[in-house]
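Inspection log for the structure reproduced underneath, given as structure tokens.
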Amino acid sequence: MSTTVRTRFAPSPTGHLHIGSARTALFNWLLARHTGGTFVLRVEDTDAARNTEASRDAIFSGLKWLGMDWDEGPQVGGDYGPYFQSERNEIYDRYLAQLEASDRAYKDESGATRFRMPDQPITIDDLICGSQTINLKEQGATRWDAKLKKDVAANPDLVIRRADGSYIFHFVNVVDDIDMKITHVIRGEDHLSNTPKHAALFEALGAPLPIFVHIPLNLNADGSKMSKRDQGASITDYIEQGFLPSAVCNYIALLGWSPKDDEEIFSLEKLIKRFELSGINRSNSRFDFKKCLWLNGEHLRRLDADELLQKSTPFLTEKNIPLDDPRLPAALQLIRERAETLDQIPAGIAPIFSADIEIEEKALAKISGRKNITDVLQGLHHSFADQSDWSEENIKASIVATAEKLELKMGALMLPCRIAATGKAGGPDLLPLLVLIGKNIVLDRITQLIAKL
RNA sequence: GACCCGUUCGUCUAACGGUUAGGACACCUGGUUUUCAUCCAGGCAAUAGGGGUUCGAUUCCCCUACGGGUCGCCA
């Protein structure tokens with residue numbers, strides 16, 4: 001048996017959990033789960049000035065919300081800790097001593113420690129991008145100055161420790177991957193160009209290279225780079241808008257990875273089963289929120305009643321919809337067929353639970369011009385009032401009877417009836433909705449609408 | 001600017017030299033539901049451009065264009 005897969009997600013806690021980072025985490029997590037390996041969470045907080053506790057918590061809770069757990073890391077521990085880089089200085093000191101002992105690192109005039117870049121070509125193999133060879137000493141001898149817009153002379157030796165003793169990303173990243181026995185480094189393609197440097201460090205530390213997997217980046221819908229402020233960039237956007245974690249995972253998995261067949265609605269379990277590194281493609285992708293929305297609707301419809309209630313609860317509470325109302329389960333079943341996100345649920349079923357409704361102007365405009373609108377509403381009112389058993393069948397019978405009396409088609413009465421009862425032109429299936437609202441309230445609302453016209 | 005990666009319908013993608021270039025979202029049209037949504041059927045729509053290699057290129061090679069990335073004592 002080959003060695004067990006160990007992957008890691010190594011976020012820097014300097015902001016919220018970005019959707020692109022979430023996807024990187026997901027790919028690492030999926031590979032570990034697919035292969036029965038280990039998923040490690042490591043917090044890269046070596047930049048004390050930019051790290052915040054709030055950000056760290058947002059990342060943890062974001063991962064958990066998405067459904068990802070970690071086998072080693074903060075909160076759960078593990079054999080290769082600590083899992084905060086800020087607590088690993090002794091380990092870094094030890095590895096640094098190793099480099100210094102072999103004269104691969106030295107202190108420069110400013111007091112910072114530099115890694116002596118080897119003067120020979122370094123070749124890395126990337127599972128996605130192929131192999132590439134580069135001479136870092138040659139290429140590092142100049143540096144692009146963005147302001148001057150030209151190359152300037154530079155020291156090719158990599159700074160790995162600041163004069164104040166704190167360590168630099170490239171060094172700690174490599175040391176931790178060695179020390180934590182990471183087998184697959186799955187990360188964004190923005191790190192591809194850094195990888196030869198990392199490979200040089202691995203070599204100097206006498207460690208074998210992990211398998212590098214640089215995944216393509218996600219861009220905005222217009223092709224621009226996705227930054228923190230862009231729509232849908234933060235995982236909290238999805239939480240607040242009522243997306244389901246499984247749908248978000250499903251969608252981001254499909255950005256850059258393909259099962260190679262026509263299946264595309266995946267639960268987390270199914271993703272684990274199907275995920276293969278060979279299904280990752282090479283080109284950047286753009287976000288398509290409409291497809292994400294569609295996928296969310298699909299996941300919403302697959303929820304069982306209990307899950308639906310549980311997922312909807314925060315959104316219902318926010319809009320003061322009573323959780324203990326016996327009509328709620330039926331209402332949720334009614335609305336779930338046409339909701340794409342959880343936050344669309346309360347508005348759709350609010351007419352059942354709130355005493356007052358607001359008549360939308362657009363809706364009103366659709367019927368206010370009709371000649372016989374008052375007759376229609378009065379006819380419905382009379383016929384409804386006569387029903388002693390407020391059932392779907394009887395309501396339908398009332399509508400049909402009223403339509404015949406007025407020499408109209410049943411369809412012509414549905415919209416006025418809907419607007420009277422809910423204030424909206426669209427919504428859940430009307431007959432069961434009327435049942436749930438209740439006879440007396442429906443009658444009152446018809447009366448109120450007549451008064452308005 | 002140098003180096004690196006990429007480029008199939010508007011978008012996500014399939015097709016590991018031979019397909020009428022497939023699927024999905026979006027969009028459009030019809031049907032079902034006497035409402036709304038679902039659903040069903042159909043339609044629109046792509047190999048960036050130019051050279052090779054080959055009997056045959058979406059597929060392999062080169063050039064150009066475009067997009068993205070890297071070039072920090074940020075991660």
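In what follows, chains are A, B, ... by sequence order, proteins preceding strands, each numbered from 1.
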Can you give me the N/O atom pairs linking the protein to nucleotides 3-13 of chain B at distances under 3.5 Å, or say none if there are none?
unit_1: B:C3; atom_1: O2'; unit_2: A:Q139; atom_2: NE2; d: 3.3
unit_1: B:C4; atom_1: O2'; unit_2: A:Q132; atom_2: OE1; d: 3.4
unit_1: B:C4; atom_1: O2'; unit_2: A:Q132; atom_2: NE2; d: 3.4
unit_1: B:C5; atom_1: O2'; unit_2: A:E189; atom_2: OE1; d: 3.3
unit_1: B:C12; atom_1: OP1; unit_2: A:R286; atom_2: N; d: 2.8
unit_1: B:C12; atom_1: O2'; unit_2: A:L254; atom_2: O; d: 3.0
unit_1: B:U13; atom_1: OP1; unit_2: A:G256; atom_2: N; d: 2.5

In whole Å, what is the span from the [atom1] atom of [X] to the [atom2] atom of [N]?
{"X": "A:L431", "N": "B:A37", "atom1": "CG", "atom2": "C1'", "result": "15 Å"}
{"X": "A:I160", "N": "B:G72", "atom1": "CD1", "atom2": "C1'", "result": "15 Å"}
{"X": "A:F171", "N": "B:G72", "atom1": "CZ", "atom2": "C1'", "result": "18 Å"}
{"X": "A:D151", "N": "B:U70", "atom1": "CG", "atom2": "P", "result": "17 Å"}
{"X": "A:L434", "N": "B:C36", "atom1": "CG", "atom2": "C1'", "result": "12 Å"}
{"X": "A:Q333", "N": "B:U38", "atom1": "CD", "atom2": "P", "result": "17 Å"}
{"X": "A:K424", "N": "B:A37", "atom1": "NZ", "atom2": "C1'", "result": "15 Å"}
{"X": "A:H170", "N": "B:C71", "atom1": "NE2", "atom2": "C1'", "result": "10 Å"}

Under 4.0 Å, counting only non-hydrogen atoms across every strand here, what does [X] touch: a base, just sugar-phosphate, or nothing?
{"X": "A:H191", "value": "base"}
{"X": "A:W294", "value": "sugar-phosphate"}
{"X": "A:N194", "value": "base"}

Those residues that, when tested against [X], pass salt bridge (Lys or Arg N to Asp or Glu O under 4.0 Å) (two or more places apart):
{"X": "A:E340", "value": "none"}
{"X": "A:K270", "value": "A:E263"}
{"X": "A:K197", "value": "none"}
{"X": "A:R286", "value": "none"}

_For the residue pair A:H214 / A:H191, report whether a side-chain donor-acceptor contact shorter than 3.5 Å exists._
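Checked: A:H191/A:H214 side chains show no N/O donor-acceptor pair below 3.5 Å.
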*Side chains of A:Y83 and A:D176: do they bring a donor and an acceptor to under 3.5 Å?*
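Note: A:Y83 and A:D176 side chains miss the donor-acceptor criterion.
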*For B:A75, does OP1 or OP2 lie under 4.0 Å from any side-chain N or O of A:T46?*
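So the side-chain polar atoms of A:T46 do come within 4.0 Å of the phosphate oxygens OP1 or OP2 of B:A75, strictly under.
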*Does OP1 or OP2 of B:G72 have a side-chain N or O of A:R143 closer than 4.0 Å?*
yes
If I pick the [atom1] atom on [M] and the same atom on [N], what distance separates them, to the nearest angstrom?
{"N": "B:G49", "M": "B:C4", "atom1": "C1'", "result": "23 Å"}
{"N": "B:U59", "M": "B:G6", "atom1": "C1'", "result": "16 Å"}
{"N": "B:A46", "M": "B:G22", "atom1": "C1'", "result": "12 Å"}
{"N": "B:C61", "M": "B:G18", "atom1": "P", "result": "16 Å"}
{"N": "B:G51", "M": "B:A57", "atom1": "C1'", "result": "14 Å"}
{"N": "B:A21", "M": "B:C16", "atom1": "P", "result": "14 Å"}
{"N": "B:A24", "M": "B:U19", "atom1": "P", "result": "22 Å"}
{"N": "B:U47", "M": "B:U8", "atom1": "C1'", "result": "4 Å"}

*Could you tell me which residues satisfy side chain to side chain contact (heavy atoms under 4.5 Å, CB included) with A:A403, sequence neighbours excluded, listed by chain and number?*
A:L413
*Honestly, is A:R161 close enough over A:Y167, meaning NZ or CZ under 6.0 Å from the six-membered ring centre and within 45° of the axis?*
yes
*Is A:R88 positioned over the aromatic face of A:F84, cation under 6.0 angstrom from the ring centre and no more than 45 degrees off axis?*
no
*When A:Q132 is tested against each of A:D125, A:T195, A:D126, A:I124 for side chain to side chain contact (heavy atoms under 4.5 Å, CB included), which residue passes?*
A:I124
*Among A:V43, A:I186, A:L41, whose side chain to side chain contact (heavy atoms under 4.5 Å, CB included) with A:F9 holds?*
A:L41
*A:T142: side chain to side chain donor-acceptor pair (under 3.5 Å) partners, not counting sequence neighbours*: none
Counting only Watson-Crick pairs (N1-N3 plus N6-O4 or O6-N4) and G-U wobbles (N1-O2, O6-N3), all under 3.5 Å, who is the partner of [N]?
{"N": "B:C66", "value": "B:G6"}
{"N": "B:C60", "value": "B:G52"}
{"N": "B:G42", "value": "B:C28"}
{"N": "B:G1", "value": "B:C71"}

_At less than 3.5 Å, do the side-chain atoms of A:S166 and the base atoms of B:C73 form a donor-acceptor pair?_
no
Would you tabulate the nitrogen or oxygen pairs shorter than 3.5 Å linking the protein to nucleotides 40-50 of chain B?
none

*asked:* A side-chain contact here means heavy atoms from C-beta on lying under 4.5 Å apart; do A:N250 and A:H299 qualify?
replied: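 Yes. Closest side-chain heavy atoms under 4.5 Å.
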*Would you mind reporting whether A:L433 and A:P351 have side-chain heavy atoms less than 4.5 Å apart?*
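No, side chains not in contact.
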_I want to verify a distance call: between B:C74, B:U70, B:G67, whose nearest atom is closest to the A:L219 side chain?_
B:G67
*Minimum-distance nucleotide (side-chain atoms of A:E298 versus B:C39, B:G68, B:C74)*: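 Nearest listed nucleotide: B:C39.
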Between the protein and nucleotides 28-30 of chain B, which nitrogen or oxygen pairs are less than 3.5 angstrom apart?
none

*Considering residues at least two apart in sequence or located in another chain, which fulfil the ring pair (Phe, Tyr, Trp, His ring centres under 6.0 Å) criterion with A:W390?*
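In terms of ring pair (Phe, Tyr, Trp, His ring centres under 6.0 Å), with neighbours along the sequence ignored, A:W390 is linked to A:F384.
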_Can you list, in residue-number order, the parts of residues 402-416 of chain A that come under 4.0 Å of RNA chain B, counting heavy atoms only?_
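Correct list: A:M410, A:G411, A:M414.
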*asked:* According to salt bridge (Lys or Arg N to Asp or Glu O under 4.0 Å), does anything in residues 390-409 of chain A pair up with another residue at least two apart or in another chain? List the pairs.
replied: none
